[in-house]
Number of protein chains: 2
Amino acid sequence: MTATADSTDGSDEQRSEAVARRRREILEATCETLSRKGVSATRIADVARRLGISTGLVHYHFATKDELLAEAFQFAGKAELEVLRELAAVDLPPRRRLNAVIEEFCPRGEFVSWRLWIEGWAEALRSERFRATSRELDEAWIGVLEDTITAGVASGDFICPSPHDSAWRLSCLIEGLAIQLVAHGGTIDSVEMARLVDAAVSAEVSGG
Amino acid sequence: MTATADSTDGSDEQRSEAVARRRREILEATCETLSRKGVSATRIADVARRLGISTGLVHYHFATKDELLAEAFQFAGKAELEVLRELAAVDLPPRRRLNAVIEEFCPRGEFVSWRLWIEGWAEALRSERFRATSRELDEAWIGVLEDTITAGVASGDFICPSPHDSAWRLSCLIEGLAIQLVAHGGTIDSVEMARLVDAAVSAEVSGG
DNA sequence: TAACGAACTGACCGATGCGTCAGTATTTCG
DNA sequence: CGAAATACTGACGCATCGGTCAGTTCGTTA
């Protein structure tokens, strides 16, 4: 049986540690390549070269290129979800948690992840697997935002008629601004973005 | 001299009417294909087949595939800018104009244009020309929104401390929601989107 | 240490699709 | 009308790249 066989579930547990590590290496290399070159320009040879392995080995672990890309995107999504879970577990006062959540969401540095999400949206137009991953990630983000706002309303820190609606609006606002920052490059900077987001946050959670 | 030579400016004026028409046909066919299949899966043969012409003829009018795609995207952008200009020229009371502008912006029907814009954002990550077109379009949208809000403030219909900021936020909110609607498909519908946008509009233009 | 299977290599095959080009049809103009 | 320019065809060359496979290395177990 080849290592590729059970790729439908991402569980690495019962696979040998070495294989799991190799798969992870390949997925990470794929994500980096994906972020720099985009879906269509990413070659299996790029991924192999980056790791100093043969293209055959990539195919040994991942049946097809589509498989590899979809799984890499999912891998990145899961990593982000992990960050989210940790963020949700930290015990902070509502206002500070909301700031932390939004801070984490907004693009920073080289935009590696955000370039991936933007690629993902375009890919989601045609690929079921990309769409599912992208949706899942977004829903998780909105969920964390909503929970945070709801907690703040319960504690009396926030006034917000519909945490659900506010979470949706804030999440979408941030994504729209991220497009300007990451894809359009130069229309706004992170400071300007933070300013616009902060104003929206204030409006959403303190009054109707 | 071939028809391709002066493709740097898009001016069709001094070109023969027949050639201009042919170029337009090809660009329109390319936009449709682009919207359905995406940038990387669009083949010159697809465009040619759709028009019942040879691939050679496409190359006769457009030097390379990159050229063709970039110009098609720009063509779609210009068409949208045209709609904007008309919208801005209509004389309506501020509230109704704002509604009309937003109505026009939000995704409808088959999402043909919106699928194109989403493709464009991903492409803008690497292509200078796609980035320029996409930016230009976005700036125009924000500009129309800002002008409309400013007019409403001047007439006393709106209360808005910063039409500029509000226009940015509304535009980005709509783009973020469009991703959910068009790319993620099924997370929300147009009615839900309209509801979320309306609430944001009310918050932005009637109070601080 | 022999043997077996898993991990890995890299050359190769086949498909695909862009761009070219020699040639053909059509229009323009002297 | 004849000739030159323009519009157009479609087959072909050529490069690219995904996926296969025969063979090699490595680790593990009897």
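All values below come from the heavy atoms of this structure, side chains included, with hydrogens, waters and symmetry mates left out. Order of the sequence lines sets the chain letters (A, B, ...), proteins ahead of strands, with each chain counted from 1.
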Ion pair present between B/Glu17 and B/Arg24, side-chain N to carboxylate O less than 4.0 angstrom? yes

Readout for nucleotides 22-30 of chain C: B = base within 4.0 Å of protein heavy atom, S = sugar-phosphate only, - = neither; 5' to 3' it is ---------

Residues pairing under ring-ring contact (aromatic ring centres under 6.0 Å, His included) where one sits in residues 20-53 of chain B, two or more places apart or in two chains, turn out to be none

With 3.5 Å as the limit, what N/O pairs link the protein to nucleotides 16-19 of chain D?
unit_1, atom_1, unit_2, atom_2, d
D/dC17, OP1, A/Arg43, NE, 2.6
D/dC17, O5', A/Arg43, NE, 3.2
D/dG18, OP1, A/Lys65, NZ, 3.2
D/dG18, OP2, A/Ile44, N, 3.4
D/dG19, OP2, A/His59, NE2, 3.3
D/dG19, OP2, A/Lys65, N, 2.7

What donor-acceptor contacts under 3.5 angstrom involve side-chain atoms of residues 28-37 of chain B, with partners at least two apart or in another chain?
unit_1, atom_1, unit_2, atom_2, d
B/Thr30, OG1, B/Ile26, O, 2.7
B/Glu32, OE1, B/Arg50, NH1, 2.3
B/Thr33, OG1, B/Ala29, O, 2.8
B/Ser35, OG, B/Val112, O, 3.0
B/Lys37, NZ, B/Asp46, OD2, 3.1

For B/Phe105, the ring-ring contact (aromatic ring centres under 6.0 Å, His included) test, sequence neighbours excluded, returns B/Trp114, B/Trp141

Residues passing the side chain to side chain donor-acceptor pair (under 3.5 Å) test with A/Arg131, sequence neighbours excluded, are A/Glu128

B/Ser166 meets the side chain to side chain donor-acceptor pair (under 3.5 Å) criterion, sequence neighbours left out, with B/Glu204

In whole angstroms, the gap separating C1' of C/dA7 from CD of A/Glu25 amounts to 13 Å

I want to check one thing: is the phosphate of D/dA7, taken as OP1 and OP2, less than 4.0 Å away from some side-chain N or O of B/Tyr60? yes

Separation of D/dT24 atom C1' from A/Leu57 atom CG, nearest Å, is 14 Å

In whole angstroms, the gap separating C1' of C/dC8 from CZ of A/Arg23 amounts to 16 Å

A/Ile53 atom CD1 is separated from C/dC8 atom P, nearest whole Å, by 8 Å

When rounded to whole Å, the CD1 to P distance for the pair A/Ile26 and C/dA7 reads 11 Å

Tell me which donor-acceptor pairs under 3.5 Å the side chains of residues 116-123 of chain B have, and how far apart each pair is, sequence neighbours excluded?
unit_1, atom_1, unit_2, atom_2, d
B/Glu119, OE1, B/Val39, N, 3.3
B/Glu119, OE2, A/Arg126, NH1, 2.2

Closest to the side chain of A/Ser54, out of D/dT9, C/dA7, C/dC8, is C/dC8

B/Phe62 CZ to D/dA7 C1', in whole Å, measures 14 Å

Taken to the nearest whole Å, CD/A/Glu17 to P/D/dT28 is 13 Å

(Q) So that I can tick it off, tell me whether B/Arg129 and B/Asp66 are bridged by a salt bridge, with the cut-off set at under 4.0 angstrom between side-chain N and carboxylate O. (A) no

Contacts of A/Glu104 meeting side chain to side chain donor-acceptor pair (under 3.5 Å) (sequence neighbours excluded), chain-then-number -> none

